[in-house]
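Here the structure is laid out as structure tokens; the discussion comes afterwards.
This chain uses plain numbering: 1 for the first residue, then up along the sequence.
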Amino acid sequence: MASTDAESAEPPGSAAAPADPAPADPDPTLEEPTPRAPKSHPAHPPATPWDVARNVAGWAAAGRKEATARVVPLGQATGQTLARALVALTDLPSFDTSAMDGWAVAGPGPWRLLTGRGHRGILAGQGGDVRLSDGEAVRIATGAPVPPGATAVLRFEHGVVRSHGELYVDRHLTQGQDVRPRGQECREGDELLPAGVVVTPAVVGLAAASGYDELPVLPRPRVEVLVLGDELLREGLPHDGRIRDALGPMLGPWLSALGAEVVATRRLGDTATALRAALEASDADLVLTTGGTAAGPVDHVRPILRLLGAEPLVDGVAVRPGHPMLLARLASGRHLVGLPGNPLAAVAGLLTLAEPLLRALAGRPARRPCRAPLTEDVPGHATSTRLVPVVRTPDGYARPVRFHGPAMLRGLAAADALAVVPPGGPGLDGEAELLALPWEGDR
Ligand SMILES: Nc1nc2c(c(=O)[nH]1)N[C@H]1C(S)=C(S)[C@@H](COP(=O)(O)OP(=O)(O)OC[C@H]3O[C@@H](n4cnc5c(N)ncnc54)[C@H](O)[C@@H]3O)O[C@H]1N2
Ligand code: MOO
């Protein structure tokens, strides 16, 4: 059965739509490929189970020479991976700090307010030589160093200065109140974050606060994207059977969000020679091809990989959409992920094979599994895992979206995650693992 876009416009579990738009068994990839294929062409191997394929991709880079860390200024570190643990270079706070605007006070009140020369108050950034004795107080600003001898900070709104500079409090003041003691957040030498953490804006802020000017990071894996297909247009409206290239523009930013550096996106014609030349010329850690993974007359990816002596690591995955996806180790030791041309199938390949491989190459830990109950029954495929675009609901459910056919991006563009529906369907608890999309939570 061929999949049609009309069938897949409905939510995956809807009565109006068949459970799965993917072809029924027998798997067409098990059939003889095309009349053009040589007669001796070996039978296609059985598809790898989805979870096994992800594991293989995660381990594919093991044994490669560790990337050498480099030190970059804080401003350039965002999005890269910490090569070493972030260790505090100082206590935080580095001095006893006033948490409020008010008075630093010593002992129980009332207090005698120091107002003379040198006692006009302590501002943030000022050290000073003020020292308080029992019964004395001095004005202090939020963030200023609490002077020696002070036992608490009294907020302005809780105190009143009477005649003769006597300061009274209208409530009980505890020892140490509104003082952030030195080392409250960390001590010099404490591990703030382990190696392998992605440098987010918050990490940059923490690193700056704890004394760093630069950070050691692992280089981003270099990725080259090869978009295959004579029918693809770079601009304007589709015409005369030709369509817009949806994957070239989409994969660059997506790969950046996965921690990669996209060194080039090349559009190649559907010729074996062009593909071979591009593969031979590339020095990227990962080459990502789109299209040409099936068994059509111009689907050159597998034949060229064989010709170049590449080692197939994953050759077809039991997943819908996306089952023709592949992962190979090139003779140079670098890797190639072949994404199917149908756009949602390509995304399935990106998250199944490219994402775990890129994490490993970037030195990032594996994604933390996350599960959610589905709002409706999503029938499983008999033998394949299904990846279904879903929206997260405010009450913690995952709702499958419409327009999830392999050639469609409309559902994905509205989705927060892909739900992983194992062969046979979700378990009795109706929950599914979710693969978060990079923009999850942004709408
Ligand atoms: N005999 C069989 N035919 C097909 C099978 C099969 O098992 N046996 N599998 C189908 C499935 S599933 C998929 S997915 C596709 C995979 O095909 P390819 O990877 O070879 O990709 P193409 O044939 O080049 O393209 C498929 C489809 O996607 C469109 N496309 C390609 N690139 C882009 C792009 N950059 N932007 C937008 N759309 C793109 C292309 O025009 C085709 O419509 O094979 C099935 N066939
Ligand atoms: O239907 Mo295909 O599964 O688009 O990869």
Is a side-chain N or O of [X] found less than 3.5 angstrom from the main chain of [Y], in a donor-acceptor match?
{"X": "Thr97", "Y": "Phe95", "result": "yes"}
{"X": "Asp96", "Y": "Pro181", "result": "no"}
{"X": "Ser282", "Y": "Ala278", "result": "no"}
{"X": "Glu280", "Y": "Ala277", "result": "no"}
{"X": "Asp91", "Y": "Arg182", "result": "no"}
{"X": "Asp416", "Y": "Arg392", "result": "yes"}
{"X": "His300", "Y": "Asp270", "result": "yes"}
{"X": "Gln126", "Y": "Leu123", "result": "yes"}
{"X": "Arg399", "Y": "Thr393", "result": "no"}
{"X": "Ser94", "Y": "Thr90", "result": "no"}

Check this for me: does any side-chain nitrogen of one of [X] and [Y] sit under 4.0 Å from a carboxylate oxygen of the other?
{"X": "Arg302", "Y": "Asp315", "value": "yes"}
{"X": "Asp283", "Y": "Arg222", "value": "yes"}
{"X": "Arg155", "Y": "Asp178", "value": "yes"}
{"X": "Arg371", "Y": "Glu433", "value": "no"}
{"X": "Arg367", "Y": "Glu355", "value": "yes"}

- prompt: Hey, mind stepping through Leu286 and Leu357 against side chain to side chain contact (heavy atoms under 4.5 Å, CB included) and telling me if it holds?
  reply: CA-CA 9 Å; Leu286 171 64; Leu357 176 60; 3.7 Å; yes

Distance, nearest 0.5 Å, that separates [atom1] of [X] from [atom2] of [Y]:
{"X": "Leu193", "Y": "Arg84", "atom1": "CG", "atom2": "CZ", "answer": "14.5 Å"}
{"X": "His404", "Y": "Leu387", "atom1": "NE2", "atom2": "CG", "answer": "11.5 Å"}
{"X": "Phe156", "Y": "Arg139", "atom1": "CZ", "atom2": "CZ", "answer": "4.0 Å"}
{"X": "Asp285", "Y": "Arg334", "atom1": "CG", "atom2": "CZ", "answer": "8.0 Å"}
{"X": "Tyr397", "Y": "Leu374", "atom1": "OH", "atom2": "CG", "answer": "10.5 Å"}
{"X": "Leu418", "Y": "Leu435", "atom1": "CG", "atom2": "CG", "answer": "5.5 Å"}

Taking the side chain as every heavy atom from C-beta outward, state whether [X] and [Y] have any atom pair closer than 4.5 Å.
{"X": "Val319", "Y": "Ser384", "answer": "no"}
{"X": "Val217", "Y": "Val72", "answer": "yes"}
{"X": "Val227", "Y": "Val225", "answer": "yes"}
{"X": "Leu434", "Y": "Val390", "answer": "yes"}
{"X": "Gln184", "Y": "Pro93", "answer": "yes"}
{"X": "Ser98", "Y": "Ile140", "answer": "yes"}
{"X": "Leu288", "Y": "Leu226", "answer": "no"}
{"X": "Leu215", "Y": "Leu82", "answer": "yes"}

message: Set out, in order, the CA-CA distance, both residues' side-chain angles and the distance that settles side chain to side chain contact (heavy atoms under 4.5 Å, CB included) for Val401 and Leu412, then state yes or no.
response: CA-CA 8 Å; Val401 297; Leu412 182 78; over 6 Å; no

query: Going through the distances and angles, do Leu326 and Val314 end up as a side chain to side chain contact (heavy atoms under 4.5 Å, CB included)?
result: CA-CA 5 Å; Leu326 62 96; Val314 175; 5.9 Å; no

message: Within a 6.0 Å radius of atom CZ on Arg242, are there more than 12 heavy atoms belonging to other residues, nucleotides or ligands?
response: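 Yes, the 6.0 Å shell around CZ holds more than 12 heavy atoms from other groups.
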
message: Check this for me: Arg267, atom CZ, are more than 12 non-hydrogen atoms of other residues, nucleotides or ligands nearer than 6.0 Å?
response: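 Atom CZ in Arg267 is packed in, count exceeds 12.
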
query: Out of Glu261, Arg220, Arg70, which one pairs with Gln80 under the side chain to side chain donor-acceptor pair (under 3.5 Å) rule?
result: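 Filter result, single survivor: Arg70.
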
On a heavy-atom basis, which atom in [X] and which in [Y] lie closest, and how many Å separate them?
{"X": "Val263", "Y": "Ala284", "result": "CG2-CB, 4.3 Å"}
{"X": "Pro426", "Y": "Val421", "result": "CD-CG1, 3.8 Å"}
{"X": "Ala208", "Y": "Leu74", "result": "CB-CD1, 3.7 Å"}
{"X": "Val301", "Y": "Gly291", "result": "CG2-O, 3.6 Å"}
{"X": "Ala61", "Y": "Ala360", "result": "CB-CB, 4.4 Å"}
{"X": "Gly349", "Y": "Leu339", "result": "C-CD2, 3.4 Å"}

task: List the steps, then state whether side-chain hydrogen bond (donor to acceptor under 3.5 Å, both in side chains) holds for Trp50 with Thr352.
output: CA-CA 7 Å; Trp50 180 79; Thr352 302; 2.8 Å; yes

task: Go through the steps for Leu351 and Trp254 under the test side chain to side chain contact (heavy atoms under 4.5 Å, CB included), then give the verdict.
output: CA-CA 10 Å; Leu351 295 184; Trp254 200 317; 4.2 Å; yes

side-chain contact (heavy atoms from CB on, under 4.5 Å) partner of Leu336, the single match among Leu327, Leu308, Leu353, Leu330: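 Filter result, single survivor: Leu330.
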
